[in-house]
Amino acid sequence: MNQIRAGVLGKGASPSRSVAEIPRQTGAGLTMKLSLGPLLYYWPRQRVFDFYGEAAACEAVDIIYLGETVCSRRHELRLDDWLALAAELCGAGKEVVLSTQALIESESDLKTLRRVIDEKNFRIEANDMGAVRLLAEAGRRNWIAGPTLNIFNPVTLALLVDEGASRWVVPPEMAGENVAGLRAGMPAPIETEIFAHGRLPLAYSARCFTARHYNLQKDACEFRCLRDGDGILLRTREGEPFLTLNGIQIQSARVYNLLADLPEIAGHAEILRISPQSGHTLEIAALFRAALDARLSPAAAFAACRALMPEAPCNGFWHGRAGLEYLPSGTAAPTVSAPAPAVSPPVLPAAPMPAIPSLIRLLPAGVRDRIAQKLRRARLPAFTVPAPLARLNARLPQLPATLALTTALNLAPEALLPRAALLSLTGRRLRVCVLDAGFSLDFTLGANGRFRPCRAAAAADLTISAALRDFLALALREEDADTLFFGRRLHMEGDTGLGVLVKNTLNAVDWNSIFAAQA
């Protein structure tokens with residue numbers, strides 16, 4: 001217990017500066033609670049303790065779900081560890097719910113399920129009908145019907161309410177208008193929770209997809225899930241993100257995000273669920289809280305959230321469309337890209353829109369589509385800047401090249417470079433070293449929200465080094481930062497937190513959105 005207490009309480013959460021420093025706007029806000037869903041990934045033991053230690057101190061989060069819901073072979077934490085964590089989080093003022101496994105495969109799984117059901121100190125989230133039956137037999141009331149029960153009609157929901165359910169978690173595939181209709185068809189109100197952020201759990205299987213990926217048997221998987229804090233991203237042959245492997249679970253590649261849809265959700269749910277990811281979960285929760293409290297508009301909060309997400313957003317299911325689509329709030333037509341809303345966030349002034357998108361608007365729609373397809377399929381050729389040219393560049397003043405970089409950053413439209421997401425860079429010295437080109441570019445983000453060159457410092461707050469081709473591939477999303485880093489083609493020195501922010505901002509870039517936005 002002492003070890004767990006040290007892990008949970010040893011770190012405190014601090015809200016991201018981009019949210020904490022934004023002054024409260026006028027507005028009544030939306031009265032909804034925020035929950036952290038059960039951890040879907042397999043993380044090392046201490047990392048789990050550290051995460052929930054920060055969650056205990058996070059004022060944005062009201063409810064925390066605990067327990068292994070995906071694979072019973074994940075034994076970094078046993079049930080006793082989860083119960084100890086639950087007790088600590090309750091002591092920190094959080095409502096704690098114990099989640100059950102979604103796919104019961106063995107007598108051992110059933111034994112663990114019975115132990116969870118027998119735990120009277122916490123509410124239970126039932127994620128399969130076996131758990132519902134055991135809860136009914138134990139006379140338990142006031143439990144939660146989990147999203148994997150697939151409740152899509154009022155008759156099923158009423159049946160589970162009769163069995164003791166007092167809250168239900170909407171299946172992520174359910175459209176918002178159907179949620180409203182189902183609630184209206186209930187004889188009495190029931191607390192409703194909506195999956196609002198995270199990769200979508202799409203399917204479960206008795207087979208382990210991660211083990212298969214590594215050419216291993218499920219029972220001898222070597223616990224490879226520990227290597228992948230956000231699962232394994234699969235791409236199509238054209239390089240497009242397709243699905244995510246997470247043990248026996250298949251998830252979406254894109255990240256479900258209903259932050260910009262909060263006005264439409266209001267009145268249809270009492271709780272919004274955020275699914276933990278390997279980075280920035282609590283910062284994202286803080287953005288949701290800022291939007292709910294009317295300190296940020298939902299559109300501005302969504303724009304700030306873009307750089308904190310491991311992949312592009314989607315919200316198609318909520319709008320009754322294909323799940324991978326993203327529809328800007330208030331629109332009825334789908335888009336194939338994921339543009340950020342064209343709303344200038346508070347605090348930072350928006351950069352002026354460059355002339356290029358305006359010219360793109362003049363092109364016929366068919367031409368725009370062909371250009372967008374070529375951008376998706378084009379691959380940079382392998383090249384290296386000739387060594388004599390690199391030596392010459394290194395001897396020349398670096399100011400012209402730095403001015404070119406900062407001008408390009410300042411002219412980038414909001415859809416490419418959300419300004420609110422970059423607040424943490426204000427006043428910090430950044431250095432970009434283009435190794436094969438001989439450039440070393442020093443710049444900073446001023447208080448006016450514009451990048452400007454600065455004198456070379458003895459030690460920059462963050463130095464990012466790579467070859468020119470790798471920088472271009474990263475910006476165009478042909479390569480991701482993790483692949484380049486582990487391949488020793490991308491190097492970061494200094495404040496790694498800033499490095500993660502820059503990496504996520506680049507990952508959020510969607511060149512196709514420029515063309516789609518001009519349609």
Going by heavy atoms in the side chains, are [X] and [Y] under 4.5 Å from each other?
{"X": "F195", "Y": "V170", "value": "no"}
{"X": "L292", "Y": "L34", "value": "yes"}
{"X": "I464", "Y": "L462", "value": "yes"}
{"X": "W318", "Y": "E264", "value": "yes"}
{"X": "L77", "Y": "Y42", "value": "no"}
{"X": "I124", "Y": "V97", "value": "no"}
{"X": "P201", "Y": "L40", "value": "yes"}
{"X": "E325", "Y": "L327", "value": "yes"}

Main chain of [Y], side chain of [X]: is a donor-acceptor contact present, judged purely on distance under 3.5 Å?
{"X": "T210", "Y": "G247", "answer": "yes"}
{"X": "D81", "Y": "R78", "answer": "yes"}
{"X": "K218", "Y": "R212", "answer": "no"}
{"X": "E68", "Y": "C71", "answer": "yes"}
{"X": "E238", "Y": "E240", "answer": "no"}
{"X": "S278", "Y": "G229", "answer": "no"}
{"X": "N246", "Y": "Q251", "answer": "no"}
{"X": "Q217", "Y": "D219", "answer": "no"}

Show, in sequence, the C-alpha distance, side-chain angles and deciding distance for Q277 and H197, and conclude whether the side chain to side chain contact (heavy atoms under 4.5 Å, CB included) test is met.
CA-CA 10 Å; Q277 60 186 43; H197 188 277; 3.5 Å; yes
Closest heavy-atom contact between [X] and [Y]?
{"X": "L226", "Y": "P44", "answer": "CD2-N, 3.7 Å"}
{"X": "L272", "Y": "A196", "answer": "CB-CB, 4.0 Å"}
{"X": "V132", "Y": "A126", "answer": "CG2-CB, 3.9 Å"}
{"X": "L113", "Y": "G130", "answer": "CD2-C, 4.3 Å"}
{"X": "C314", "Y": "L324", "answer": "CB-O, 3.6 Å"}
{"X": "S275", "Y": "G198", "answer": "CB-CA, 4.1 Å"}

Between atom [atom1] of [X] and atom [atom2] of [Y], what is the distance when rounded to the nearest 0.5 Å?
{"X": "H319", "Y": "R321", "atom1": "NE2", "atom2": "CZ", "value": "10.5 Å"}
{"X": "I104", "Y": "T112", "atom1": "CD1", "atom2": "OG1", "value": "8.0 Å"}
{"X": "N127", "Y": "T100", "atom1": "CG", "atom2": "OG1", "value": "4.5 Å"}
{"X": "L149", "Y": "I144", "atom1": "CG", "atom2": "CD1", "value": "11.5 Å"}
{"X": "L160", "Y": "W168", "atom1": "CG", "atom2": "CH2", "value": "10.5 Å"}
{"X": "L83", "Y": "L98", "atom1": "CG", "atom2": "CG", "value": "6.0 Å"}

Between [Y] and [X], does any NZ, NE, NH1 or NH2 come within less than 4.0 Å of an OD or OE carboxylate oxygen?
{"X": "E311", "Y": "R306", "result": "no"}
{"X": "E105", "Y": "R207", "result": "no"}
{"X": "E137", "Y": "R133", "result": "yes"}
{"X": "E95", "Y": "R167", "result": "yes"}

Run the side-chain hydrogen bond (donor to acceptor under 3.5 Å, both in side chains) check on S166 and W143 step by step: do they pass?
CA-CA 6 Å; S166 57; W143 50 270; over 6 Å; no
Does a donor on one side chain sit under 3.5 Å from an acceptor on the other, for [X] and [Y]?
{"X": "T156", "Y": "N153", "result": "yes"}
{"X": "E193", "Y": "Y65", "result": "yes"}
{"X": "Y41", "Y": "Q249", "result": "no"}
{"X": "N257", "Y": "N315", "result": "no"}
{"X": "R199", "Y": "T244", "result": "yes"}
{"X": "T192", "Y": "R183", "result": "yes"}

Do L282 and L36 pass the side chain to side chain contact (heavy atoms under 4.5 Å, CB included) test, and can you show the C-alpha distance, the side-chain angles, and the key distance before you say yes or no?
CA-CA 9 Å; L282 300 181; L36 283 182; 4.1 Å; yes
Begin from the C-alpha positions of E125 and R273 and carry the test salt bridge (charged side-chain N to carboxylate O under 4.0 Å, His left out) through to its verdict.
CA-CA 13 Å; E125 179 188 52; R273 173 174 292 197; 2.6 Å; yes
Going through the distances and angles, do R114 and E119 end up as a salt bridge (charged side-chain N to carboxylate O under 4.0 Å, His left out)?
CA-CA 9 Å; R114 290 193 178 101; E119 183 56 50; over 6 Å; no
If you count every heavy atom of other residues, nucleotides or ligands that lies below 6.0 Å from K111 atom NZ, does the total exceed 12?
no
Heavy-atom count check: over 12 atoms from other residues, nucleotides or ligands less than 6.0 Å from F242 CZ?
no
In terms of ring plane angle, is the pair [X] and [Y] parallel, tilted or perpendicular, where the classes change at 30° and 60°?
{"X": "F51", "Y": "W43", "result": "perpendicular"}
{"X": "F317", "Y": "Y256", "result": "tilted"}
{"X": "Y326", "Y": "F302", "result": "parallel"}

Applying side chain to side chain contact (heavy atoms under 4.5 Å, CB included) to D470 and L490, what does each step give before you reach the verdict?
CA-CA 8 Å; D470 291 332; L490 177 72; over 6 Å; no
D80/R115 under salt bridge (charged side-chain N to carboxylate O under 4.0 Å, His left out): CA gap, chis, key distance, verdict
CA-CA 10 Å; D80 289 340; R115 285 192 61 197; 2.9 Å; yes
When you measure from the centre of the six-membered ring of Y214, is the NZ or CZ of R227 closer than 6.0 Å and no more than 45° off the axis?
yes
For a side-chain hydrogen bond (donor to acceptor under 3.5 Å, both in side chains) with D62, tell me which candidate from K33, R289, K94 qualifies.
R289
Let's go through F209 and Y204 carefully: what are the C-alpha distance in whole Å and the side-chain angles of both, what is the deciding distance for ring pair (Phe, Tyr, Trp, His ring centres under 6.0 Å) to 0.1 Å, and is it a yes or a no?
CA-CA 10 Å; F209 302 104; Y204 293 81; 9.9 Å; no
Residue pair D50, R45: steps toward the salt bridge (charged side-chain N to carboxylate O under 4.0 Å, His left out) verdict:
CA-CA 9 Å; D50 291 343; R45 179 183 178 85; over 6 Å; no
